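Note that this is a predicted model, so its numbers are computed, not measured. Scope of the values below: all heavy atoms of this structure, side chains included, with no hydrogens, waters or symmetry mates.
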2 protein chains.
Amino acid sequence: MAHRDDSVETIQQEMTAFARRARASAARMHPELSLVSYTLLAHLDDQQGCRATDLAAHYLLDKSTVSRQIAALEKLGFVERRIDPDDQRVQVLHPTEQGAQVLANVTARRRLAFRERLADWNEDDLDRFATYLQRYNAAQEGQG
Amino acid sequence: MAHRDDSVETIQQEMTAFARRARASAARMHPELSLVSYTLLAHLDDQQGCRATDLAAHYLLDKSTVSRQIAALEKLGFVERRIDPDDQRVQVLHPTEQGAQVLANVTARRRLAFRERLADWNEDDLDRFATYLQRYNAAQEGQG
DNA sequence: CAAATCACGTTGTACTATACAACTAGCTCT
DNA sequence: AGAGCTAGTTGTATAGTACAACGTGATTTG
């Protein structure tokens, strides 16, 4: 059991260290799109549009937070709202042309950065690491 | 190369997803000590005391940020300052009794949470995951 | 040695992300 | 038609952060 606990301890420490740095480093890398804006916009792109409520549920954010984030993205011209004709309350959110463009740029740069960081990993290790992360995060869904 | 890129993409997505959630979930789990306060206090404990400047350098934070974090921790009675007799400018920071106690509590609860989340992983997987995270983070040191 | 420079930390100011509560407006169901 | 639910906004407050300006003590240098 000792070894097991050591591994858990390390995982805890490393995940914590990573989380601590992520936001600031994302901000430095992509001043034009914060980590949160990025993930929201990416989700819209990925889902082909969705509601603010869906974003809030998916990212465990308050609806007011999402409302303001979306307002900011709209002001930047990266997101547009389409009122659902069947329910006037609902705004279906979509990336604009420009939003999709910026998203693609940031995504490309992020991918490049990750690729560089992982350049000296062999394929098996990459594959396993990816699988572990998915497994770890999947277990978190729904409760942090 | 296709498979390789898929893995990199997944790693990027999963790390991003994790980072997005970490702060909020830490705050929910440990309202008495934020993720940042926790890591600063843990570093002091681990290093047997250090300077504000060292914390700033290590965590890539502005010195003003560290100054305020430490002021808050001091106000809570979790940290004390000891002026370096050889250099009056320098304050060597240490956890107090109470700070060490709170730190130990939070650490124990964090450890427990991680242990539960990873309960159904076998030892080899845990070990490899821990190693991968260390390797990944080590490559980041010094530049986000 | 005196002046310039550097290092450490604090304070003023501003901004972002966030939550919670109160609210408006639209939908649903009895 | 009225009660209650849902979607989203706005007011208010807080935490974390950066940058710039500053004070003070240490170091270097002309």
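- Residue-level contact check: B:Thr65 touches the bases, meaning some heavy atom is under 4.0 Å from a base atom.
- Positionally, the nearest nucleotide of DNA chain C for B:Arg51 lies more toward the 5' end than for the other of B:Arg51 and A:Ser37.
- Applying the 4.0 Å criterion to OP1 and OP2 of D:dT10, one finds that A:Ser67 has every side-chain N and O outside that range.
- Proximity of B:Gln69 to the phosphate of D:dG16: a side-chain N or O atom is located under 4.0 Å from OP1 or OP2.
- Remark: B:Arg135 is not positioned above the aromatic ring of A:Phe129, lacking an NZ or CZ atom under 6.0 angstrom from the ring centre and at most 45 degrees off the axis.
- The minimum heavy-atom distance between B:Ala100 and B:Pro95, with the atom names listed, is N-CB, 4.2 Å.
- Residue B:Thr53 places at least one side-chain N or O closer than 4.0 Å to OP1 or OP2 of C:dG9.
- We find that CD1 of B:Ile83 is positioned 11 Å from P of D:dG25, with the value rounded to whole Å.
- With values rounded to the nearest 0.5 angstrom, A:Asn105 atom CG is found 6.5 Å from A:Arg109 atom CZ.
- In this model, the phosphate group of D:dA26 is not approached by any side-chain N or O of B:Gln88 to a distance below 4.0 Å at OP1 or OP2.
- Residues B:Asp86 and A:Ser64 both approach DNA chain D. Their nearest nucleotides, taken by heavy-atom distance, put A:Ser64 toward the 5′ side.
- Going from atom OH of A:Tyr38 over to atom P of C:dA17 covers 16 Å, rounded to whole Å.
- Rounding to whole angstrom units, CG of residue B:Leu33 and P of D:dG16 are separated by 10 Å.
- In this structure, CZ of B:Arg68 is placed 13 Å from C1' of C:dC15, rounded to the nearest angstrom.
- Heavy atoms of B:Asp62 sit under 4.0 angstrom from at least one base atom.
- Across the protein-nucleic acid pair, A:Leu55 atom CG and C:dA17 atom C1' stand 15 Å apart, rounded to whole Å.
- OP1 or OP2 of D:dA7 has not a single side-chain nitrogen or oxygen of A:Arg81 nearer than 4.0 Å.
- In this structure, B:Arg28 atom CZ and D:dA15 atom P are separated by 17 Å, rounded to whole Å.
- With distances taken from any side-chain atom of A:Arg89 to the nucleotides D:dG8, D:dC5, D:dC19, the minimum falls on D:dC5.
- Put simply, B:Ser34 has a side-chain N or O that comes within less than 4.0 Å of OP1 or OP2 on D:dG16.
- In this structure, A:Asp87 atom CG and C:dC29 atom C1' are separated by 15 Å, rounded to whole Å.
- Of all heavy-atom pairs spanning A:Phe114 and B:Tyr136, the tightest one is CE2-OH, 3.3 Å.
- Note on B:Leu61: only backbone sugar-phosphate atoms sit closer than 4.0 angstrom, heavy atoms only; bases stay farther off.
- Atom P of nucleotide D:dG16 and atom CG of B:Leu35 are separated by 9 Å, given to the nearest angstrom.
- Taking both residues in full, the closest heavy atoms of A:Leu35 and B:Ala19 are given as CD2-CB, 4.3 Å, listed atom of the first, atom of the second, then distance.
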